[in-house]
Amino acid sequence: MDSISVNLKNEFLTVTISSYGAEITSIKDANDKEYLHQKDMIFWNRQAPILFPVCSNLINNEISINSVTYTIMPHGFVMNKDFNLMECTEDLAVFSFVSDEETKEMYPYDFELIITYKLLGKSLDVSYEVINDSEGDMYFSIGAHEGYECLEGIENYEIHFEKEEKDNYYVYETDEVPEKFMKIENGHSVMMLHPQLFKDSVTISFDSPQSDYVTLLNKETGKEIKVEFADFDNLYVWSVENSQFVCIEPWCGAPYKGEQIPDISAKPGIHKLEKGGQFECHHAIAIL
């Protein structure tokens, strides 16, 4: 099946989404300014992949499910699958992916994943629905991974949190807290972005954040991107040193931190879905 792209448009935004991975490929305002990272082969050749059925890496890319070992690449496989376009209007697009024999070689469950994009004024609402069609319990994680353009240089941007985030963030894989890049302003945490912060392509992790949203502020222009994620468990911020983008990633999941996990049911941040069950969550991206 060949991939297709659809455009959603209202008076404020034009959003382009590919059926390949149901991935957003462009977010432009009414002045045709691009806000989503445009992929490159030097720093990152993705834009907004959907992470499922695992988030982050696995030890040796392996996971045990019911005593059988399966190989799953980091962040799962749906980002590299063509979704079916189920519905499309001027401001709405619904995509679906259903498990098949190929996916069951990596992940033995029967499932359907539905991604819905809806323009609401200056905001793009992204909804995720996981349906368990298996005969028993299903374990999974799901996450967003949108990258935002920082063409003026990442040091000209800050991430402002809704609330103060204290003692619940660290640099993934080292447990180091990046204190010199964090400050408190009027009870709100502010992350000051800088190339050094992402040396060695590290991820800044916020476990169970107090905030329900953050804003990415362009200090030169005053423009903001607001990312709402109240339905998600954790938040991750990632970039590559000397690049011109930053990813703000809400996850219903968590990364490994080096320990060997005996079964997917014991993986950090994993979600359990009973037979016939449905899981739903959503986040929103607003250009302000």
Side-chain angles (χ1 to χ4, degrees), residues 4-19 21-38 47-51 83 85-96 113-129 142-152 156-163 186 188-191 193 209-233 235-237 245-252 279-288:
I4 61 172
S5 291
V6 299
N7 289 319
L8 308 184
K9 188 172 183 177
N10 64 13
E11 61 181 309
F12 302 109
L13 297 174
T14 300
V15 176
T16 305
I17 308 155
S18 173
S19 63
E23 183 172 357
I24 310 168
T25 60
S26 177
I27 302 175
K28 292 183 178 180
D29 65 14
N31 296 316
D32 206 37
K33 176 176 173 54
E34 180 66 69
Y35 289 86
L36 193 72
H37 169 66
Q38 296 304 290
Q47 297 179 271
I50 294 169
L51 316 183
F83 281 62
L85 179 62
M86 307 299 292
E87 182 180 356
C88 188
T89 65
E90 188 175 54
D91 60 2
L92 172 76
V94 181
F95 295 87
S96 170
L113 174 62
I114 300 172
I115 311 296
T116 301
Y117 295 98
K118 173 71 174 176
L119 284 180
L120 299 168
K122 296 182 179 181
S123 181
L124 175 67
D125 187 88
V126 188
S127 297
Y128 309 80
E129 182 179 0
I142 190 164
H145 200 311
E146 291 94 357
Y148 302 103
E149 293 269 52
C150 298
L151 297 182
E152 296 84 357
N156 291 303
Y157 288 78
E158 293 178 340
I159 296 177
H160 290 239
F161 289 76
E162 176 199 12
K163 299 176 181 178
N186 301 318
H188 302 264
S189 289
V190 177
M191 176 181 285
L193 300 184
Q210 302 298 309
S211 302
D212 287 338
Y213 67 83
V214 299
T215 56
L216 176 64
L217 171 66
N218 183 327
K219 294 186 291 183
E220 288 192 4
T221 67
K223 292 289 291 184
E224 293 180 329
I225 300 173
K226 183 180 181 181
V227 181
E228 301 179 51
F229 51 88
D231 287 352
F232 287 77
D233 303 329
L235 185 72
Y236 301 91
V237 179
F245 72 89
V246 64
C247 292
I248 299 174
E249 309 173 34
W251 291 7
C252 286
F279 172 93
E280 296 183 29
C281 62
H282 84 104
H283 80 293
I285 304 162
I287 307 301
L288 305 176

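Since the structure is predicted, the reported quantities are computational estimates derived from the model, not experimental observations.
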With a 3.5 Å distance limit and no angle check, can you tell me whether [X] reaches the backbone of [Y] through a side-chain donor-acceptor pair?
X	Y	value
D125	K118	no
Y117	A22	yes
E23	A48	yes
N31	K33	no
T16	T25	no
E152	C150	no
E162	D212	yes

Exercise for the section: Name the orientation class of the two ring planes belonging to H283 and F232 (parallel below 30°, tilted from 30 to 60°, perpendicular beyond 60°). Expected result: perpendicular
Handout entry: Single hit among I225, L216, V246 for side chain to side chain contact (heavy atoms under 4.5 Å, CB included) with Y157
Key = L216
Mind listing the closest non-hydrogen atom pair of [X] and [Y] along with its distance?
X	Y	value
F229	P209	CE1-CG, 3.8 Å
Y128	A144	OH-CB, 3.4 Å
L36	I24	CD2-O, 3.3 Å

Exercise for the section: Tell me yes or no: between the side chains of T89 and D91, is some donor less than 3.5 Å from an acceptor? Expected result: yes
Handout entry: S127 and E280 side chains, donor-acceptor separation under 3.5 Å
Key = no
Problem - F12 vs L119 side-chain heavy atoms within contact, under 4.5 Å - result: no
Problem - Pairwise side-chain contact, T116 with E129, heavy-atom cut-off 4.5 Å (strictly under) - result: no
Problem - Neighbour count above 12 (heavy atom, 6.0 Å) for K122 NZ - result: no
Exercise for the section: Kindly check if the number of other-residue, nucleotide or ligand heavy atoms within 6.0 Å of NZ (K9) is above 12? Expected result: no
Exercise for the section: State which residues pass side-chain hydrogen bond (donor to acceptor under 3.5 Å, both in side chains) with Q47; sequence neighbours excluded, sorted by chain then number. Expected result: none
Practice task
Taking the six-membered ring of F161 (Phe, Tyr or Trp), confirm whether the NZ or CZ of K163 is under 6.0 Å from its centre and within 45° of its axis.
Solution key: no
